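Taking it in order: structure first as structure tokens, then the write-up.
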Amino acid sequence: MEESPLTASLVRRCIAGDTAAWEELVREHTRRIYNICYRFTGSSSDAEDLTQEAFIKIYRSLNTFDLQKGAFTTWITAMTRNLLVDHFRRTKQERMTDSMDAPPAADEDAPNVGERIEDVKPSPDAVLASKEKQRLVHEALQKVSPDLREAVILRDIQDMDYREIAQVLKVPEGTVKSRINRGRAELARLLSRTKGQVM
């Protein structure tokens with residue numbers, strides 16, 4: 001991912017202590033970080049909390065970022081991913097007691113940030129069909145193993161390339177491709193099973 005000159009300038013200003021530059025960076029990247037957290041956790045309230053945690057962690061580590069070694073977006077994605085791994089480990093015991101067939105979280109149908117600021121109004125039927133499709137994909141994605149899920153999220157939802165994902169996950173590109181393929185196959189299997197149950 002190419003670093004925009006504006007982002008590079010904002011990062012340099014932040015490191016120099018410019019709080020206005022930090023606020024601009026947060027505004028520029030909040031949606032991306034929130035979406036990663038939401039897609040991984042499946043909960044809007046957890047995603048909001050984790051987004052705040054991610055920005056605190058990023059701010060505290062900002063002086064370790066090296067513009068010469070990679071893009072800021074890749075770096076903050078890696079920081080967010082590490083936070084999510086820690087969160088996953090902390091909450092693993094709670095999840096082990098949950099059934100795979102448990103009803104979805106109460107905020108499952110809450111609109112994401114993109115839906116809240118969308119300008120174009122599709123027909124009510126199209127909105128309903130789209131929300132149902134999103135809900136089904138979201139529920140199925142939550143059942144995919146975390147390693148495969150995060151690879152699919154970074155590639156198909158965050159639109160990162162294989163090299164960037166390899167940097168974020170700290171695994172070879174071949175492993176990234178394998179995880180994406182396996183994750184997509186698992187997601188397709190889960191969705192086809194869901195479709196069979198609905199019909």
Side-chain angles (χ1 to χ4, degrees), residues 1-90 110-121 134 138 141 146-177 179-180 183:
M1 204 174 271
E2 274 301 305
E3 194 68 79
S4 76
L6 174 63
T7 299
S9 168
L10 287 171
V11 170
R12 281 193 284 274
R13 287 172 43 207
C14 283
I15 292 171
D18 184 339
T19 56
W22 170 249
E23 289 169 9
E24 181 61 30
L25 272 178
V26 170
R27 269 193 302 276
E28 187 178 314
H29 295 281
T30 295
R31 183 174 177 173
R32 175 186 190 82
I33 299 303
Y34 173 85
N35 284 337
I36 292 170
C37 293
Y38 178 72
R39 296 292 181 183
F40 196 82
T41 63
S43 161
S44 59
S45 61
D46 284 350
E48 288 171 9
D49 292 345
L50 288 164
T51 299
Q52 287 183 352
E53 278 185 54
F55 278 111
I56 290 168
K57 185 175 181 179
I58 290 164
Y59 184 76
R60 288 180 178 160
S61 305
L62 201 55
N63 62 344
T64 66
F65 173 67
D66 184 353
L67 282 165
Q68 306 304 315
K69 289 188 177 177
F72 182 72
T73 303
T74 303
W75 184 73
I76 66 170
T77 302
M79 296 280 285
T80 303
R81 183 260 180 190
N82 292 341
L83 179 75
L84 289 169
V85 168
D86 291 344
H87 172 74
F88 181 79
R89 287 182 183 138
R90 278 194 316 264
N112 64 30
V113 175
E115 291 170 331
R116 284 186 259 165
I117 60 171
E118 206 169 87
D119 289 338
V120 181
K121 277 266 195 210
Q134 285 178 2
H138 182 72
L141 194 55
D147 285 349
L148 304 182
R149 184 186 333 152
E150 70 185 351
V152 170
I153 289 169
L154 293 175
R155 178 71 189 126
D156 295 336
I157 298 174
Q158 295 300 318
D159 202 30
M160 295 178 77
D161 66 35
Y162 296 121
R163 182 183 51 79
E164 293 168 331
I165 297 170
Q167 288 175 340
V168 168
L169 301 182
K170 295 182 175 70
V171 297
E173 277 187 50
T175 303
V176 167
K177 291 175 184 176
R179 287 182 184 178
I180 291 168

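Throughout, residue positions are numbered sequentially from 1 according to the sequence presented. All values derive from a computational prediction rather than experimental measurement.
In this structure a side-chain-to-backbone donor-acceptor pair under 3.5 Å is missing from Q52 to D49.
For the residue pair T80 and C37, the shortest heavy atom distance occurs at CG2-SG, 3.8 Å. P172 and A166 make their closest contact through C-CB, 4.2 Å (heavy atoms, listed as atom of the first residue, atom of the second, distance). In terms of heavy atoms, D161 sits closest to R155 at CA-NH1, 3.9 Å. A pairwise comparison of heavy atoms in C14 and L25 identifies SG-CD1, 3.5 Å as the closest pair. The two residues F65 and I15 have their closest heavy-atom pair at O-CD1, 4.3 Å. In terms of heavy atoms, A78 sits closest to V168 at CA-CG1, 3.6 Å.
The six-membered or imidazole ring of H87 lies away from that of F40, with a centre-to-centre distance of 6.0 Å or more.
Between the CZ atom in R12 and the OG1 atom in T7 there is a gap of 10.5 Å [rounded to 0.5 Å]. A distance of 6.0 Å separates CG of N35 from CD of Q158, quoted to the nearest 0.5 Å. Distance check, rounded to the nearest 0.5 Å: CZ of R149 to CG of L84 gives 9.5 Å. Rounding to the nearest 0.5 angstrom, the gap separating the CG atom in L50 from the CG atom in D86 is 10.5 Å. How far CG of D159 is from CD1 of I153: 14.0 Å, rounded to the nearest 0.5 Å. The structure places CD of Q167 at 9.0 Å from CD of E173, a figure rounded to the nearest 0.5 Å.
For the side chain to side chain contact (heavy atoms under 4.5 Å, CB included) test, residues two or more places apart in sequence or in another chain that qualify with A151 are L169, R179, I180. Shown here are the side chain to side chain contact (heavy atoms under 4.5 Å, CB included) partners of V26, two or more places apart in sequence or in another chain: W22, T30, F55. Taking D156 as the reference, V152, R184 meet the side chain to side chain contact (heavy atoms under 4.5 Å, CB included) condition, with sequence neighbours excluded. With sequence neighbours left out, R81 forms a salt bridge (charged side-chain N to carboxylate O under 4.0 Å, His left out) with E150. Taking T77 as the reference, R32 meet the side-chain hydrogen bond (donor to acceptor under 3.5 Å, both in side chains) condition, with sequence neighbours excluded.
In this structure the side chain of E164 never reaches within 4.5 angstrom of the side chain of T73, judged on heavy atoms. Looking only at side-chain heavy atoms (C-beta outward), L62 and M79 stay at 4.5 Å or farther from each other.
Between Y34 and Y38, the ring planes lie parallel to each other; the angle is under 30°, not in the 30° to 60° tilted range.
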- prompt: Can you check side chain to side chain contact (heavy atoms under 4.5 Å, CB included) on E28 and L10, steps first, answer last?
  reply: CA-CA 10 Å; E28 187 178 314; L10 287 171; 3.7 Å; yes
message: The test is side chain to side chain contact (heavy atoms under 4.5 Å, CB included); show your working for N82 and K170 and say whether it passes.
response: CA-CA 10 Å; N82 292 341; K170 295 182 175 70; 4.1 Å; yes
field: Intermediate values then yes/no, side chain to side chain contact (heavy atoms under 4.5 Å, CB included), I157 and L141
entry: CA-CA 12 Å; I157 298 174; L141 194 55; 4.2 Å; yes
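Looking only at atom types and distance, the side chain of T41 has no donor-acceptor partner in the side chain of S43 under 3.5 Å away.
Within the structure, side chain to side chain donor-acceptor pair (under 3.5 Å) pairs that include any residue of residues 55-66 do not occur (at least two apart or interchain). Applying the salt bridge (charged side-chain N to carboxylate O under 4.0 Å, His left out) test to pairs two or more places apart or on separate chains, those with a residue in residues 13-27 are R13-D18, E24-R27.
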